[in-house]
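Step one of this worksheet: look at the structure below.
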Amino acid sequence: MGESFIDETREKFRTDLVFRVEDVPMRCDPPAEELEQTLHGLMQLNGYIIKSLEEIAGRGANAVTYRAGKKFGHEVAKYFEKKDNVEDALRELSYILHGQYTFEPWKPSDRDEYIVEENGSTFIYLVFHDCIVRQSCRRIGQEQGGPLCQTLCGYVVGAVEEITGKRGKLEIIHTGPNACLKKLILK
Amino acid sequence: MVGPAVAITPFHGNPSGEMRMIEIRVDEEACNGCGLCVKDCPMGVFELRGSVSSPVHPENCMGCLSCHEICPAQALEHRGVVPCRRMYVSMKVCRMLNRVI
Ligand code: SF4
Ligand code: SF4
């Protein structure tokens, strides 16, 4: 008869490794291709938390996730340089979001400028290409534009508010399988 | 058969000023004129002409590919679109599907 599960498992987790407190990891372990299961596990877990929140809290779920995103945005951006200029602020934002979200400014063809000043506020359309939120929604078959998307809205608004010192808002204009259009408003 | 290129236009959302071209084609034989792409496109890119869809404002396309997802005839083709990273794809499932296909 083979080894029991307990013996097998204990053997698997036995090492002779010496771990010192001063050891600083110099790379992410394991390599990226082995992280697929971890990533999918996280995406699914995240998706189901939000789905359940929506089932229990209804429309209140949006407020919760927006706030969570906003806190995250403020926290991440507080170490970044403050910028008055909207273009500089967007450049800063793209550094902050790097690896999770990529975006570019967009305008309809009949408009000359990307950045529009109107009634005391400034707005710009942004097309989001890569987005971990969209990926998570699609991983569990959840509709886009719901509370999970509000985490991104809050995140961007929090970061932009921190960088520019102005109040911000991010409206979802359209969600698609490959890209989404958002309107960033600064007051 | 994929029909002739209906329009080639610059992608407007490019801050670097470099012109990226999005080319939209409609397979006129496959299109059944349902008009779903006309309704779904947020940029008003398509119009029904006769009983086929025609990309009349491709210069406004932002590459969301909603029209691809909704077209029941798979009659659309976009060239020059930035593909987003598809992290949700499970390689285990893809490998299984590939074996079946
Ligand atoms: S990709 Fe999006 S913006 Fe472009 S034609 Fe299709 S639905 Fe319209
Ligand atoms: S959705 Fe497809 S089939 Fe329907 S009109 Fe548009 S291109 Fe034609």
Side-chain angles (χ1 to χ4, degrees), chain A residues 32-44 46-47 86-87 90-91 94 99-115 124-142 144-145 172-183, chain B residues 7-24 36-47 55-72 74 76-96:
Chain A
E33 69 269 20
E34 287 175 34
L35 282 173
E36 192 194 330
Q37 285 195 4
T38 315
L39 172 70
H40 282 235
L42 269 174
M43 284 160 89
Q44 281 173 283
N46 226 338
V86 178
E87 266 196 62
L90 288 173
R91 182 170 290 118
S94 74
Q100 300 159 24
Y101 310 92
T102 54
F103 68 86
E104 65 174 327
W106 182 88
K107 67 176 178 65
S109 58
D110 57 2
R111 203 171 255 158
D112 295 329
E113 302 296 331
Y114 286 98
I115 301 167
I124 180 165
Y125 289 108
L126 301 174
V127 171
F128 279 79
H129 295 289
D130 292 323
C131 172
I132 50 170
V133 167
R134 191 188 313 127
Q135 302 291 317
S136 301
C137 286
R138 295 185 85 78
R139 183 65 181 82
I140 67 156
Q142 174 94 332
Q144 289 169 245
I172 300 172
I173 307 292
H174 179 76
T175 59
N178 193 57
C180 300
L181 185 68
K182 314 263 161 86
K183 185 180 182 182
Chain B
I8 300 177
T9 50
F11 187 89
H12 278 258
N14 193 346
S16 65
E18 173 199 321
M19 294 301 225
R20 195 161 68 230
M21 311 298 273
I22 286 191
E23 184 185 336
I24 304 176
L36 286 174
C37 58
V38 181
K39 282 200 203 107
D40 198 50
C41 173
M43 303 304 162
V45 166
F46 301 102
E47 240 175 44
V56 287
H57 289 297
E59 71 277 11
N60 280 339
C61 175
M62 57 148 179
C64 66
L65 299 187
S66 292
C67 53
H68 277 233
E69 204 159 63
I70 209 160
C71 173
Q74 300 192 355
L76 298 170
E77 190 181 276
H78 283 57
R79 281 186 191 193
V81 167
V82 178
C84 71
R85 290 187 296 167
R86 296 201 291 175
M87 294 178 274
Y88 64 89
V89 170
S90 161
M91 290 320 294
K92 205 160 108 190
V93 173
C94 288
R95 276 193 287 273
M96 261 161 54

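Heavy-atom minimum distance, A:Ala179 versus B:Gly63: CB-O, 3.8 Å. Summarising the geometry of B:Arg85 relative to A:Gln100, their closest heavy-atom pair is NH2-N, 4.4 Å, with the distance given to 0.1 Å. Between B:Val82 and A:Asn178, the shortest heavy-atom contact is O-ND2, 2.8 Å. B:Tyr88 and A:Arg139 make their closest contact through O-CD, 3.3 Å (heavy atoms, listed as atom of the first residue, atom of the second, distance). Taking both residues in full, the closest heavy atoms of B:Leu65 and A:Pro177 are given as O-CG, 3.3 Å, listed atom of the first, atom of the second, then distance.
Within the 4.5 Å cutoff, the side chain of A:Leu181 has heavy atoms near those of the B:Met43 side chain. Side chains of A:Asp130 and B:Cys84 form a contact here, defined as non-hydrogen atoms less than 4.5 Å apart.
Annotation for A:Gln44: atom CD counts as buried by contact number, over 12 foreign heavy atoms lying within 6.0 Å. Sparse packing is recorded around NE2 of B:His57, with 12 or fewer heavy atoms of other residues, nucleotides or ligands lying under 6.0 Å away.
A salt bridge links B:Glu69 with A:Arg138; the closest basic N to acidic carboxylate O contact falls under 4.0 Å.
Neither the backbone nor the side chain of A:Ser136 comes within contact range of chain B; no heavy atom of the residue lies under 4.5 Å from a heavy atom of that chain. In this structure, chain B has no heavy atom under 4.5 Å from any part of A:Ile173.
A donor-acceptor pair shorter than 3.5 Å can be found between the side chains of A:His174 and B:Ser66.
Put simply, the side chain of A:His40 gets close to the backbone of B:Met87: a donor and an acceptor are under 3.5 Å apart.
Annotation: the span from A:Trp106 atom CH2 to B:Cys61 atom SG amounts to 9.5 Å, rounded to 0.5 Å. The CZ atom of A:Arg134 sits 12.0 Å away from the CZ atom of B:Arg86 when rounded to the nearest 0.5 Å.
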